[in-house]
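All values reported here derive from a predicted model rather than from experimental measurement. When a ligand or atom number is given, it counts from 1 through the structure's own listing order. Sequence positions, counted from 1, serve as the residue numbers for this chain.
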Amino acid sequence: MEDCIFCKIVSGEMPCHKLYEDHRVIALLDIFPTTKGHTLLVQKEHEQDVLHSSEENAQALLTTARSLAPTIMKTVHATDINVIFNVGANAGQTIFHTHMHIIPRYAGDGLETWPQGETDHEAFKKLAEEIKGNV
Ligand code: AMP
Ligand code: ZN
């Protein structure tokens, strides 16, 4: 798609630090890494986010993550990883072409996780019913 950075990377019009490629997915280093080894798995087909991706493309991202992540971790000596999809601008998505983040984590890396809220079983019960009612 015109003006899409990841389409340009996929087509070779823009350079990247490529780690892996197959017919559905390309893996590359994030140019503004959160931690050392921060990798993006970008699907080759332009779809706006993982909820709009085909089943096959979404599955290919997960399959690639499962095979590539241990190699990344071993190389950068990470103990753990976060695997994240940002879906929508309010969730931090800035490039609207489906991609998965693999973010290596290290003891004492100082990154915060999400804050935790209050437990409210009454409210949860109502909300669970409401969501199930909308399935
Ligand atoms: P998101 O915010 O989930 O849409 O993630 C987009 C990611 O793409 C960010 O982590 C950026 O640092 C990264 N990024 C932006 N431009 C490039 C580029 N040219 N090459 C590699 N990564 C990029
Ligand atoms: Zn694109």
Side-chain angles (χ1 to χ4, degrees):
M1 197 194 179
E2 221 180 309
D3 293 335
C4 171
I5 289 175
F6 288 163
C7 281
K8 286 183 180 163
I9 287 176
V10 167
S11 71
E13 194 184 325
M14 261 182 85
C16 74
H17 297 280
K18 193 192 298 181
L19 306 180
Y20 168 84
E21 180 173 13
D22 62 29
H23 70 292
R24 285 194 185 275
V25 177
I26 177 168
L28 54 127
L29 293 177
D30 193 298
I31 206 163
F32 302 115
T34 298
T35 60
K36 185 177 177 182
H38 184 166
T39 297
L40 300 174
L41 304 188
V42 177
Q43 68 175 45
K44 288 194 165 176
E45 192 177 349
H46 182 94
E47 292 167 312
Q48 73 178 60
D49 59 52
V50 71
L51 298 187
H52 291 84
S53 287
S54 70
E55 221 34 72
E56 292 78 10
N57 284 334
Q59 191 56 55
L61 291 172
L62 188 58
T63 300
T64 306
R66 283 165 50 86
S67 69
L68 191 58
T71 307
I72 296 169
M73 292 171 77
K74 184 173 153 201
T75 307
V76 298
H77 307 295
T79 52
D80 304 289
I81 52 168
N82 289 115
V83 176
I84 298 173
F85 285 103
N86 294 328
V87 179
N90 290 327
Q93 188 176 7
T94 56
I95 299 182
F96 292 85
H97 175 135
T98 309
H99 57 282
M100 175 197 275
H101 294 259
I102 297 176
I103 303 176
R105 299 297 304 267
Y106 306 87
D109 62 22
L111 288 183
E112 302 282 337
T113 53
W114 285 284
Q116 290 186 296
E118 301 291 316
T119 301
D120 182 342
H121 291 296
E122 271 311 303
F124 296 160
K125 194 171 167 215
K126 253 180 82 182
L127 181 59
E129 290 306 325
E130 205 178 325
I131 293 170
K132 286 188 284 183
N134 283 328
V135 171

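For Phe6, the closest heavy-atom approach to ligand 1 falls below 4.0 Å.
Only the backbone of Leu29 comes within 4.0 Å of ligand 1, counting heavy atoms alone; no side-chain atom from C-beta on gets that close. Contacts with ligand 1 closer than 4.0 Å are made by heavy atoms of both the backbone and the side chain of Ile95.
Atom 4 (O) of ligand 1 has as its closest protein heavy atom Thr94 N, 2.7 Å. Here the protein heavy atom with the shortest distance to atom 9 (C) of ligand 1 is Asp30 OD2, 3.3 Å.
Val25 and Val87 fall within a single hydrophobic cluster, where Ile, Leu, Val, Met, Phe, Trp and Tyr are joined by side-chain heavy atoms under 4.5 Å apart, directly or via other members. Each of Tyr20 and Ile26 belongs to its own hydrophobic cluster when Ile, Leu, Val, Met, Phe, Trp and Tyr are linked at side-chain heavy-atom distances under 4.5 angstrom.
Residue Asn57 forms a side-chain hydrogen bond (donor to acceptor under 3.5 Å, both in side chains) with just one option from His52, Lys44, Arg24, and that option is Arg24.
Side chain of Glu13 to main chain of Lys8: no donor-acceptor pair is present (N/O by atom type, distance under 3.5 Å, no hydrogens or angles).
Near Leu28, the atoms of ligand 1 lying under 4.0 angstrom from a non-hydrogen atom of the residue are 21 (C). Remark: ligand 1 atoms within the under-4.0 Å shell around heavy atoms of Phe32 are 12 (O).
The residue among Met14, Gln93, His99 with a heavy atom at the shortest distance from atom 19 (N) of ligand 1 is Met14. Comparing heavy-atom distances from atom 3 (O) of ligand 1 across Lys8, His38, His101, His17 singles out His101 as nearest.
If you look at His99 and His101, their ring centroids are closer than 6.0 Å.
Atom NZ of Lys36 has 12 or fewer neighbouring heavy atoms from other residues, nucleotides or ligands inside a 6.0 Å radius.
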One pair to check against side chain to side chain donor-acceptor pair (under 3.5 Å): Glu55 and Gln59. What are the steps and the verdict? CA-CA 6 Å; Glu55 221 34 72; Gln59 191 56 55; over 6 Å; no
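Looking only at protein N/O/S atoms, the ones less than 2.8 Å from the Zn ion (ligand 2) make 4 in total.
In terms of polar-atom proximity, Ile31 is counted as a contact of ligand 1, with an N or O under 3.5 Å from an N or O of the ligand. For ligand 1, one of its N or O atoms has an N or O atom of Gly92 under 3.5 Å away.
Residues Thr98 and Gln48 have side chains that never bring a donor and an acceptor to within less than 3.5 angstrom of each other.
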Identify every side-chain donor-acceptor pair in residues 118-135 under 3.5 Å, counting partners at least two apart or on other chains, and give the distances.
from   : atom 1 : to     : atom 2 : distance (Å)
Asp120 : OD1    : Glu122 : N      : 3.3
Asp120 : OD1    : Ala123 : N      : 3.1
Asn134 : ND2    : Glu130 : O      : 3.3

